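Hydrogens, waters and symmetry mates play no part in the numbers below; they use all other heavy atoms, side chains included. Since this is a predicted model, take the numbers as computed values, not measurements.
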Amino acid sequence: MAWNPAQYLKFAESRLRPAADLLARIAAAEPHGVYDLGCGAGNATLMLQERWPDAAITGIDDSAEMLARAAQNRNGITWRRQNLAEWTPEQPADLIYSNAALHWLPDHARLFPA
């Protein structure tokens, strides 16, 4: 399915509320490797960068259109196109964040431990 970043971002404020709530619940003080799975246009990924400016942050998404929009936002974040069902971190992860993506994937019993 092709994602339209302009259409997606029309509802950015509503989409960011649960993302911000989730982020507020994370107790990690200074993670080094942070991954945002299903980063979309990068809005929540930017919040991760604001909270942990010294972390190496990578946004992962399967949509080339959304990643192109995300890449316009800010330097310092690595954007990768990859199917989340097949993703494994390039470096050890101190924090894996995903607001609204993993529930769409099948086989959680295999996916989550991986």
Working to the nearest 0.5 angstrom, can you tell me the gap between [X] [atom1] and [Y] [atom2]?
X   : Y   : atom1 : atom2 : answer
D36 : Q49 : CG    : CD    : 11.5 Å
Y35 : L48 : OH    : CG    : 13.0 Å
Y97 : I57 : OH    : CD1   : 11.5 Å
D62 : R81 : CG    : CZ    : 5.5 Å
I77 : C39 : CD1   : SG    : 8.5 Å

Give the intermediate values and the outcome of side-chain contact (heavy atoms from CB on, under 4.5 Å) for residues I96 and F112. CA-CA 11 Å; I96 298 174; F112 289 168; over 6 Å; no

Give me the atom names and distance for the closest heavy-atom approach of A70 to G40.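 Smallest heavy-atom distance, with atoms named: CB-O, 3.7 Å.
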
What closest approach, in Å, do G38 and A101 show between heavy atoms, and which atom pair accounts for it?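 Shortest heavy-atom separation between G38 and A101 comes out as CA-CB, 3.8 Å.
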
Do [X] and [Y] have side-chain heavy atoms sitting under 4.5 Å apart?
X    : Y    : value
V34  : D94  : no
W79  : T45  : yes
L111 : P106 : no

Ignoring hydrogens and geometry, is there a side-chain-to-backbone donor-acceptor pair from R51 to L46 under 3.5 Å?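 No, R51 side chain to L46 backbone: no donor-acceptor pair under 3.5 Å.
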
Short side-chain to backbone donor-acceptor contact, H32 and D54, under 3.5 Å: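 Judged by distance alone, no pair lies under 3.5 Å.
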
When R69 is tested against each of E65, M66, Q72 for side-chain contact (heavy atoms from CB on, under 4.5 Å), which residue passes?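 That would be Q72; it is the only one of E65, M66, Q72 passing the side-chain contact (heavy atoms from CB on, under 4.5 Å) with R69.
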
Who passes ring pair (Phe, Tyr, Trp, His ring centres under 6.0 Å) against W52, sequence neighbours left out?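 For W52 there are no ring pair (Phe, Tyr, Trp, His ring centres under 6.0 Å) partners, ignoring immediate neighbours.
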
Residues S98, L22; criterion side-chain contact (heavy atoms from CB on, under 4.5 Å); working and verdict: CA-CA 9 Å; S98 184; L22 176 60; over 6 Å; no

Test side chain to side chain contact (heavy atoms under 4.5 Å, CB included) applied to R80 - qualifying residues, sequence neighbours left out: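 R80 satisfies side chain to side chain contact (heavy atoms under 4.5 Å, CB included) with T58, I60, T78, E90 only.
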
